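One structure is given below, encoded as structure tokens.
Please read these numbers as outputs of a predicted model, since none were measured by experiment.
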Amino acid sequence: MRKRFSFLILLFLVFNGFSAFSEQSEPLPSDWHEKEHFLPPRQMPPRDIMNFNGRKMQKREEKLSVIGVKVFDMGNFLSLSVIFNAPLDSKSIQSRGFLINERPLPPDTEFLFNKPRNMIRFEVDKAFWEYGQGFVGSGFTENQSESFSLKVLFARSFDGKMIQPVEIQNLEPNSFYKYSRKEQKWQKSPKKTEF
């Protein structure tokens, strides 16, 4: 019985916070709810943050532009990778938005995106071009040039900004081209492209 009684006293003290043995505390002030007793309100994200494919992305001030092009000769077709300065809206990429030697890509062209969606890759058959327009068949003839031009007309970034149409001339197979902001022109990289 003594053990039960001491157990009950212990429970009483625990649940009452030993207030019977402590000093009398002062009453709470009337403005207690206005002071630092509460956590500050949760900070809302800035308005320039948006959700894009499950990721929070910050809207950008600069316009969408092409910053690099990789060209690789795969035998009977060319593989082109176009690199942008921002993630793309994949619904805006269409074959009619890319011109090679002033001709739109075939409608059945497939576009592949990298994970951050700032690069697209597509393949074009060399037989796509007509005589004197660039590539014909599986190789080059003497009167044909190995170089060609790529024009990007339509593309939209994740935040809805449209691209300014850009034309890159004198592209050659197995090369990497990048845009130099300092010199305001396209330059061929001295190193060979590795895929």
Side-chain angles (χ1 to χ4, degrees), residues 52-53 57 59-195:
F52 177 69
N53 288 341
M57 304 285 288
K59 290 185 181 178
R60 304 167 316 104
E61 294 297 322
E62 61 184 329
K63 295 183 178 181
L64 179 66
S65 61
V66 177
I67 59 171
V69 176
K70 293 179 183 179
V71 183
F72 193 69
D73 188 357
M74 303 289 284
N76 291 334
F77 59 91
L78 287 178
S79 173
L80 283 90
S81 297
V82 183
I83 306 164
F84 296 86
N85 65 342
L88 297 172
D89 179 8
S90 58
K91 295 177 184 174
S92 69
I93 304 300
Q94 300 174 2
S95 60
R96 62 187 173 95
F98 294 85
L99 304 178
I100 295 182
N101 290 340
E102 300 297 326
R103 295 186 61 201
L105 296 176
D108 60 343
T109 303
E110 293 182 12
F111 294 97
L112 304 173
F113 292 85
N114 65 346
K115 190 170 184 175
R117 293 193 181 215
N118 65 342
M119 183 178 77
I120 58 170
R121 180 177 285 182
F122 57 93
E123 296 174 347
V124 181
D125 191 357
K126 286 184 180 177
F128 170 68
W129 291 278
E130 295 177 353
Y131 300 101
Q133 292 284 331
F135 304 108
V136 175
S138 61
F140 301 104
T141 61
E142 290 182 15
N143 63 351
Q144 293 174 330
S145 170
E146 284 191 23
S147 65
F148 61 97
S149 67
L150 171 69
K151 191 181 283 188
V152 181
L153 299 177
F154 308 115
R156 186 174 51 238
S157 67
F158 71 96
D159 55 356
K161 293 188 174 139
M162 293 297 291
I163 192 169
Q164 294 287 338
V166 62
E167 183 174 11
I168 305 111
Q169 297 180 345
N170 300 323
L171 296 174
E172 296 175 358
N174 301 323
S175 302
F176 176 66
Y177 298 85
K178 61 182 178 179
Y179 185 73
S180 170
R181 286 188 177 188
K182 184 177 180 181
E183 298 180 17
Q184 298 289 317
K185 67 178 185 177
W186 285 91
Q187 296 178 338
K188 182 177 179 179
S189 177
K191 296 181 179 178
K192 288 283 187 183
T193 305
E194 294 182 13
F195 286 89

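A donor-acceptor pair is defined here as one N or O able to donate and one able to accept, closer than 3.5 Å; such a pair exists between the side chain of Ser175 and the backbone of Pro173. A donor-acceptor pair is defined here as one N or O able to donate and one able to accept, closer than 3.5 Å; no such pair exists between the side chain of Asp73 and the backbone of Asn174. A donor-acceptor pair under 3.5 Å links the side-chain atoms of Tyr177 to the main chain of Glu172, judged by distance alone.
Side-chain contact between Ile83 and Phe176 is present, with at least one heavy-atom pair separated by less than 4.5 Å. Counting heavy atoms from C-beta on, the side chains of Phe113 and Ile93 come closer than 4.5 Å. Between Phe98 and Val124 the shortest side-chain heavy-atom distance does not fall below 4.5 Å.
Residues Phe77 and Asp125 come closest through the heavy atom pair CB-CA, 3.8 Å. Of all non-hydrogen atoms in Leu64 and Ile163, the two that sit nearest each other are O-CG1, 3.5 Å. When all heavy atoms are compared, the tightest approach of Leu153 to Pro165 is CD2-CB, 4.0 Å. Nearest approach of Ala155 to Leu88, heavy atoms of both residues: CB-CD2, 4.5 Å. Between Ser92 and Arg156, the closest heavy-atom pair is OG-N, 3.0 Å. Closest non-hydrogen pair, Phe122 versus Leu150, comes out as CZ-CD1, 4.4 Å.
We find the CG-CD distance between Asn76 and Glu123 to be 11.5 Å, quoted to the nearest 0.5 Å. In this structure, NZ in Lys185 is found 13.0 Å from CD in Gln169, a value given to the nearest 0.5 Å. A distance of 5.0 Å separates CG of Leu171 from CZ of Phe148, quoted to the nearest 0.5 Å. Taken from NZ in Lys188 to CD1 in Ile168, the straight-line distance is 15.0 Å, to the nearest 0.5 Å. How far NZ of Lys63 is from CD of Gln164: 4.5 Å, rounded to the nearest 0.5 Å. The distance from atom CG of Leu99 to atom CZ of Phe154, rounded to the nearest 0.5 Å, is 8.5 Å.
In this view, Gln94 and Arg96 satisfy the side-chain hydrogen bond (donor to acceptor under 3.5 Å, both in side chains) rule, not counting sequence neighbours. Taking Glu110 as the reference, nothing meets the salt bridge (charged side-chain N to carboxylate O under 4.0 Å, His left out) condition, with sequence neighbours excluded.
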- Message: I'd like to know whether Arg121 forms a side-chain contact (heavy atoms from CB on, under 4.5 Å) with Ser79, so could you lay out the CA-CA distance, the side-chain angles of the two residues, the decisive distance to 0.1 Å, and finally the verdict.
- Response: CA-CA 7 Å; Arg121 180 177 285 182; Ser79 173; 3.6 Å; yes

- Message: Test side-chain contact (heavy atoms from CB on, under 4.5 Å) on Val66 and Trp186; report intermediate values, then the result.
- Response: CA-CA 10 Å; Val66 177; Trp186 285 91; 3.6 Å; yes

